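Here is the structure we will look at.
Quick note: numbers below take in every heavy atom, side chains included, and nothing from hydrogens, waters or symmetry partners. Chain letters run A, B, ... following the sequence lines, proteins first and then strands; every chain starts at 1. Every value quoted in this text rests on a predicted model; they were computed, and no experiment measured them.
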Number of protein chains: 2
Amino acid sequence: MRGLDTTDIAILAALYTQPDLNNKTLAEQVGLAPSSCHERVKRLHNEGVIISTQLHVDMERLGGHIQAMVAVRLSAHDRNTVAGFQRDLLVTTEVVSIYHTGGENDFLLHVSVPNALHLRDFVFDQITSRQEVNHVETALVYDVKVSQQLPVYP
Amino acid sequence: MRGLDTTDIAILAALYTQPDLNNKTLAEQVGLAPSSCHERVKRLHNEGVIISTQLHVDMERLGGHIQAMVAVRLSAHDRNTVAGFQRDLLVTTEVVSIYHTGGENDFLLHVSVPNALHLRDFVFDQITSRQEVNHVETALVYDVKVSQQLPVYP
DNA sequence: GTTGAAACAATGTGGCG
DNA sequence: CGCCACATTGTTTCAAC
């Protein structure tokens, strides 16, 4: 668990904005030889600073004509209940991502579904049917935008 | 705007789960020659089915010790007001992603900040100070999990 | 961290089903 | 017309410095 120097940050910032940058170009941008640069990138992966790279796809083209944010409140908040809910929902086809939150709701589920009926069935079959679920609220998602800048602090 | 065949779906599903898969291995998995496979992937990019690939980094290691979901309600909902808010907030360091939603709230902002004071200042300076903002609610985000399965429908 | 060479993968062209 | 095999180009990777 080493600290990150300015070169590491420069590499992360560049890759965050342009994840497909090849190693040679990246090395130029951060002022390193290709091999040194490559080693740093590998290290950032190994140390878990770069967790993964994710594909961003057009949900519409995959038949996901509706996206929604489903807010879920549980009635029990022990570790097993919370972890079990998260684990089970993460592997459903509909769920894109899960935010585990504090405050009024315990989870925000970003889902992609083909139509309104499917959304209703998903909420009934995968959420409200679970005994630990206390409250569910669903909001339509028009659009998701992802920042292209690394949220980094000194 | 062509339809996707089963091979396209197989490629997308494989890349969604393992985005770093090289073309040769991908071709094997979907039963195509490397060059044909490569052409398909290129086409999926060009047609906008694959929008981009994003880096997933450890916020903690970047000094983002607190993540939060900030729900924002506007007082005006004309296109310019909504687009302006989204555009301005997307380029702040703190914001990781923005969900434009229907229902009670207009936006959900996923933010990463170094500490609670910074979060408070961000909300004051970038959000409540804007005249079109009507209501703000902030919830702590403990954890974000992203699905490794493509949300695809026939 | 750098350099340079070997191994490898990505891309373009031409031929086959 | 889409798929495959080969050749070219370029990138990754590993040695020695």
Please state how far atom CG in A/Asp20 lies from atom P in D/dG10, giving the value in whole angstrom units.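 It works out to 19 Å between those atoms.
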The criterion is side chain to side chain donor-acceptor pair (under 3.5 Å); which residues satisfy it with A/Asp143, sequence neighbours excluded?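 Only A/Lys145, B/Gln86 meet the side chain to side chain donor-acceptor pair (under 3.5 Å) criterion with A/Asp143.
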Under a 3.5 Å cutoff, is there a donor and acceptor pairing between the side chains of B/Asp106 and B/His77?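 Yes, a side-chain donor-acceptor pair sits under 3.5 Å.
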Using a distance-only test with no angle check, is there a side-chain donor-acceptor pair under 3.5 angstrom linking A/His135 and A/Glu137?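 A/Glu137 and A/His135 do have a side-chain donor-acceptor pair below 3.5 Å.
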Please determine if B/Asp5 and B/Arg40 form a salt bridge, counting it only when a charged side-chain N lies under 4.0 Å from a carboxylate O.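 Result for this pair is yes, salt bridge flagged.
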Strictly under 4.0 angstrom, non-hydrogen atoms only: write out the protein contact profile of nucleotides 1-17 of chain C, one letter per nucleotide from the 5' end, B, S or -. SBB-----SSSB-----
Answer with yes or no whether the hydrophobic clustering places A/Val144 together with A/Met59; edges join I, L, V, M, F, W, Y residues whose side-chain heavy atoms lie under 4.5 Å apart.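 In one cluster: no.
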